[in-house]
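I have placed the structure first, in the form of structure tokens, so that the comments after it can refer back to it.
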Amino acid sequence: MCLSQHFWQFLIPGITLGCLYALIAIGYTLVYGVLQLINFAHSEVFMTGGFAGLFLVQALVTTGVTPHGTESVLYVVLGICCGAIFGGIVAFLLERVAYRPLRRRNAPRLIYLITAIGASLFLFNLAGKLFGRDKVNVPELYTNGVVFTVFGAQVRVQQIIIVCTALGMMLMLDAVVNRTKLGAGIRAVAQDSQTASLMGVNINRVISQTFVIGGLLGGAAGFLFGTYLNVHYQMGFLPGIKAFAAAVLGGIGNIRGAMIGGLLLGIVESLSQSCMSSQWIDVVAFVVLILVLMFRPTGILGQRLGRAA
Amino acid sequence: MSQVGGLPVRVKRSRKVDPRLVRLFGWLVLGALLRLMTVTTEGTATDHTLVLDAAFKSTALIWWLLGAVAVWALTELWRARKVGSLVSDRTAGARKQWRTVSDRKLTRQLAVLALVLAALIIPNLMSEFYQRVLVDQVAVFVLLAVGLNVVVGWSGLLDLGYIAFFAIGAYTTAYFTGSLPVTPGFRLNPFVILPIAVIVCLIAGLLLGAPTLRLRGDYLAIVTLGFHEIVQLFLVNKNNWTGGNQGVSKPIPHFSINIFGIHYQWTLDSMPYWYLFMGMLAIVVFLFARLEHSKVGRSWTAIREDEVAAAASGVPTVKYKLMAFSIGASTSGLAGVLYGSRLGYINPASFPVVLSITVLSYVIFGGMGAIIGVIAGAALLTFLPAVFQEQNLVRQEDIPMWIGAILVVMMLFRPQGLIPSRRRRRELRLAQQGIADADAMSEAPEGRQ
Amino acid sequence: MSDTGHEPRHAAPTPPLLAVRAVTLRFGGLTSLNDVNLTVERGAIQAVIGPNGAGKTSLFNCLTGVYTPQLGSIEFTSDGVTTQLVTGTERRRRSKKPHMVSRIGVARTFQNIRLFAALSAFDNVKIAAETRHRTGPVGAMLHLPNAQANDRATDERTEDLLDFVGLEGVADELASSLSYGVQRRLEIARALATDPQLLLLDEPAAGTNPTEKRELEQLIRRINAERDITVLLIEHDMRLVMSIADRVTVLNFGKVIAHGRPAQVQQDPVVVEAYLGSADETEAEGGEEADRGD
């Protein structure tokens with residue numbers, strides 16, 4: 001069987017990539033929960049984080065010298081924060097400039113989608129114009145040594161950083177959504193925005209905050225992805241679609257579902273590499289998406305953030 | 001301290017910024033952004049600030065900002081009704097006149113006639129370069145847009161993978177003319193391949209649509225996008241079938257007709273291809289116009305307006321969606337045959353995923369649902385960029401960026417498009433008033449009792 | 001459940017037009033319909049009443065294939081042919097899709113009027129009428145003689161229907177610009193356009209004024225008498241129900257609690273306890289509540 005060989009060697013990268021998908025998927029699911037809208041432009045939020053973190057790191061690191069120790073940690077943290085912040089900013093602007101005017105006018109759903117597509121097209125081509133259309137590698141921030149091995153599969157520093165950061169952010173998000181007033185607001189708006197506003201929830205503010213949170217996570221994922229692979233003006237396209245598939249897999253609108261969906265998709269995708277040539281890997285996410293939509297459209301976790309099925 | 005009901009109350013003075021200043025800021029940002037977009041430098045991976053410097057460290061920026069301030073001033077005056085009411089009062093009568101005239105059937109027929117004459121005569125007066133633009137860009141994309149209009153405009157299905165069928169049509173032509181690594185053992189000329197490609201794409205449309213058209217609008221969009229991506233992967237990776245990234249090994253022969261004693265061979269010359277495309281377009285538009293005003297067209301409208309009510313009234317919704325989808329797909333395939341034989345050399349890069357989105361934007365920009373609007377939109381958005389590019393006003397790589405910006409602006413300010421159908425205008429107006437849902441995008445479960 | 005109705009006068013052993021047996025519909029934890037049994041005889045005008053949330057519209061949705069009940073069966077019999085509208089094993093249930101149900105002969109209107117707002121009244125009805133003929137895209141594009149003949153015939157039928165419901169004057173008006181009462185009649189015309197044998201009316205009198213209610217009453221009678229169409233209607237207006245219904249079924253919390261002639265049901269203590277008022281409903285309800293000392 002194609003899976004039995006090198007199982008762990010494919011699993012580890014799968015988990016790593018899966019964490020990234022999860023971070024991005026949360027952004028899709030959050031916006032879907034409160035607006036019932038697929039934010040096509042979220043992939044560009046991801047890309048922005050990648051570029052922002054890249055530039056900061058390029059400015060900090062002297063060429064050719066690989067930092068170590070506290071320097072490494074500092075740079076990584078700064079890169080992540082920078083990516084997150086700029087992701088949040090772009091997400092915020094997106095909501096304010098492109099979506100809010102449509103909400104005010106009660107625009108039909110198709111218009112939102114077209115605006116999202118247009119914004120996406122605009123943003124990544126603008127990035128291409130500004131920063132060139134070649135793939136850029138993020139400078140080494142640490143020596144990527146092997147930390148330990150699991151059943152013969154190596155686990156490296158980079159993967160640990162990505163997984164730990166992602167898990168940390170997801171735990172924080174879970175806490176925010178379930179234990180803070182902001183989170184309660186998000187859940188209320190996702191469930192029934194009219195009643196929520198009657199209860200005194202400021203809908204516009206909650207929606208803005210939702211976008212920003214999604215943007216923070218997506219932007220951070222962008223930087224981490226950049227360190228893992230590379231930064232490129234079209235880097236958001238495929239991961240964006242895959243993350244959306246992951247969100248649907250877990251149950252669109254359900255935050256925990258997005259986390260699980262992301263991890264699962266990353267693992268499945270990676271394990272498929274042992275079964276098929278790597279050129280076709282991208283197909284896996286689409287196949288998963290179609291299967292989910294045909295046989296279990298509510299996803300693994302089923303219920304949405306707010307709305308009843 | 002004020003008094004409310006006898007109790008002293010501290011009134012918090014709201015610290016909001018004057019909205020006019022906010023608007024000024026917005027216009028200034030827009031001006032700077034436009035400056036950035038119009039600068040003709042392209043960035044490189046190594047120098048991040050190259051384009052930013054070129055855009056902002058020059059006097060041109062000042063002009064843009066001044067222009068922004070001027071526009072702001074005008075809009076503020078308009079808002080304050082100092083200029084606005086005067087102008088809109090005087091033009092109100094004229095606008096109403098225009099609406100009654102333009103709605104009249106005779107006017108429309110005359111307009112169509114004028115367009116047909118223009119299409120036949122004017123290209124002959126253009127330079128060689130522009131004739132090529134007309135054929136390679138305008139004609140092809142107008143045909144594609146008319147086909148996509150059936151899917152998106154009339155049936156409300158958001159298809160983001162439309163160009164996949166275009167590719168299938170072109171590659172089918174390559175296959176049957178023996179230009180691919182795999183050959184069928186015989187050669188056909190592109191004219192004969194037309195019906196074959198139409199049928200192939202029809203079937204492909206049915207295959208893709210059958211499992212996916214019952215999905216909600218947003219999901220359908222992603223799935224169709226995925227389909228295009230998969231077709232691309234296939235074209236790129238299956239080297240021994242499709243020639244991989246190189247594409248066809250030898251060019252697809254030009255179009256030729258050899259029937260009923262009519263012999264004609266197309267060559268590199270642009271004008272004969274222009275007439276060929278126009279002829280095809282005329283046939284397609286004619287058939288589609290009939291379709292629009294038939295039972296099929298009405299059923300599509302019903303599905304788009306209220307799918308649940310349509311189903312309850314006996315309209316088999318999935319069947320009609322499939323019909324629209326396949327008709328769109330086969331039109332795309334038809335265009336693919338013509339494109340393939342015109343271009344000769346095709347490879348996967350000729351059919352990028354972004355192109356699907358671009359054709360969609362032509363349809364939306366032009367006024368989805370109205371054939372005339374769609375033709376106008378596609379013609380403008382393919383011809384004008386070519387003109388600007390030739391005049392070095394914009395670089396080819398930047399065109400998608402402008403398309404994206406235009407899409408967003410259109411949706412914000414004129415979502416019905418350039419020349420919308422009357423029905424579309426009505427639908428959007430009703431949606432704004434909270435009545436009905438202009439597109440069959442949201443699930444509308446019947447009363448939960 | 002109390003059944004105090006008499007058998008129909010012509011006691012022929014023909015199966016009822018519609019037979020709903022043991023239908024149960026659940027949404028997650030909520031049971032919307034609980035073991036509902038209901039029959040509708042051909043040619044009757046039957047009403048389904050009950051307090052809000054009793055499951056009346058859910059019942060209609062099951063009948064037309066919008067919802068699939070987890071248990072039970074729904075049979076439609078006409079011309080000696082019985083069609084099961086719900087089939088399948090206990091785990092995988094399927095119901096006939098709405099457009100199939102329409103083809104079989106069941107038409108409906110909606111509680112909150114679902115017309116094609118941006119289309120004319122004429123087109124609203126025509127769309128439903130032309131589902132009956134088989135013109136396809138080829139016929140449409142090529143203007144085949146068959147297609148043209150079908151189209152002319154449909155136009156005539158549509159005009160007929162609009163005349164029948166009294167809307168001949170507004171045929172070219174936009175559906176959304178019509179008054180409420182007119183919209184209701186238009187929806188009925190559209191439902192009739194599919195040539196149904198059973199017409200489901202979901203609160204046809206809701207929101208109408210007394211004049212419109214009287215016209216509606218006449219229209220329903222004419223539909224039943226002149227066009228030989230069986231009517232099943234959900235209504236809250238007791239006066240209307242008492243006036244035109246041959247039989248009344250009462251639902252409460254998803255269960256059938258009474259069935260029979262209107263007068264009997266009205267006096268049934270179970271029903272009275274559930275909610276029933278007299279001609280002035282709200283007054284009676286208020287009085288009842290006061291009596292019970294809530």
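Below, read A as the first sequence line, B as the second, and so on, with proteins coming before strands; counting in each chain starts at 1. Just the heavy atoms: all of them, side chains too, but no hydrogens, waters or symmetry mates, feed the values below.
For chain B, the nearby part of A:I290 is the side chain; its heavy atoms alone come within less than 4.5 Å. Residue contact with chain B, scored on non-hydrogen atoms closer than 4.5 Å, involves the side chain of A:I241 exclusively. The part of B:F413 that comes within reach of chain A is its backbone (N, CA, C, O), which places non-hydrogen atoms under 4.5 angstrom from that chain. For chain A, the nearby part of B:L33 is the side chain; its heavy atoms alone come within less than 4.5 Å. Neither the backbone nor the side chain of A:Y233 comes within contact range of chain B; no heavy atoms are under 4.5 Å apart. At a 4.5 Å heavy-atom cutoff, the contact between B:M37 and chain A is made by backbone and side-chain atoms alike. For A:L123, no part sits under 4.5 Å from any heavy atom of chain B, backbone or side chain. At a 4.5 Å heavy-atom cutoff, B:I399 makes no contact with chain A through either its backbone or its side chain. When heavy atoms are compared at a cutoff of 4.5 Å, A:F51 does not approach chain B at all. Heavy atoms closer than 4.5 Å to chain A are found nowhere in B:V409, neither backbone nor side chain. In this structure, chain B has a heavy atom under 4.5 Å from the side chain of A:L289, while its backbone stays farther away. No part of A:Y112 comes within reach of chain B, as not one of its non-hydrogen atoms sits under 4.5 angstrom from that chain. With a 4.5 Å cut-off on non-hydrogen atoms, B:L233 touches chain A through its backbone and its side chain both.
With rounding to the nearest 0.5 Å, the separation of CG in A:L121 from OG in B:S361 is 7.0 Å. The CD1 atom of A:I114 sits 10.5 Å away from the CE atom of B:M410 when rounded to the nearest 0.5 Å.
At least one side-chain heavy atom of B:L158 sits under 4.5 Å from a side-chain heavy atom of A:L113. Between A:K129 and B:M401, the closest side-chain pair of non-hydrogen atoms falls below 4.5 Å. Contact annotation: the side chain of B:I364 never approaches that of A:I111 to less than 4.5 Å [non-hydrogen atoms, C-beta and beyond]. Inter-residue side-chain proximity for A:R109 and B:D218 is flagged as met; some heavy-atom pair is nearer than 4.5 Å. Using a 4.5 Å heavy-atom cutoff, the side chains of B:F227 and A:F286 are not in contact. For the pair B:F234/A:V283, no side-chain contact is recorded, criterion being any heavy-atom separation below 4.5 Å from C-beta on. The shortest distance between side-chain heavy atoms of A:F55 and B:T49 does not fall below 4.5 Å. Two residues are said to be in side-chain contact when any heavy atoms from C-beta on lie closer than 4.5 Å; B:I406 and A:F122 fail this criterion.
Pairing each heavy atom of B:L412 with each of A:P101, the nearest pair is CD2-CB, 3.7 Å. The minimum heavy-atom distance between A:R105 and B:M411, with the atom names listed, is NH2-O, 3.0 Å. Nearest approach of B:P400 to A:N125, heavy atoms of both residues: CB-ND2, 3.3 Å.
By the 6.0 Å contact criterion, CZ on B:R23 is enclosed, its count of non-hydrogen atoms from other residues, nucleotides or ligands being greater than 12. The local environment of CZ in B:F351 is crowded, with over 12 non-hydrogen atoms from other residues, nucleotides or ligands closer than 6.0 Å. At most 12 non-hydrogen atoms from other residues, nucleotides or ligands lie less than 6.0 angstrom from CD of B:Q246.
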* Yes or no on side chain to side chain contact (heavy atoms under 4.5 Å, CB included) for A:F40 and B:I222, after CA distance, side-chain angles and deciding distance? -> CA-CA 9 Å; A:F40 264 96; B:I222 299 268; 4.0 Å; yes
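If you tally non-hydrogen atom pairs under 4.5 Å between each of B:L407, B:V408, B:N237 and chain A, the highest count goes to B:N237. Heavy-atom pairs under 4.5 Å with chain A were tallied for B:T358, B:D398, B:I403; the largest tally goes to B:D398. Counting heavy-atom pairs under 4.5 Å between each of A:I38, A:L130, A:V287 and chain B puts A:L130 at the top. Between chain A and the options B:L225, B:T212, B:L360, B:V354, the largest number of non-hydrogen pairs under 4.5 Å is found for B:L225. When each of A:Q58, A:H232, A:K135 is checked for heavy-atom pairs under 4.5 Å with chain B, A:Q58 comes out on top.
Note on ring orientation: taking the six-membered ring where Trp is involved, the planes of B:Y219 and A:F244 are tilted (angle from 30° to 60°).
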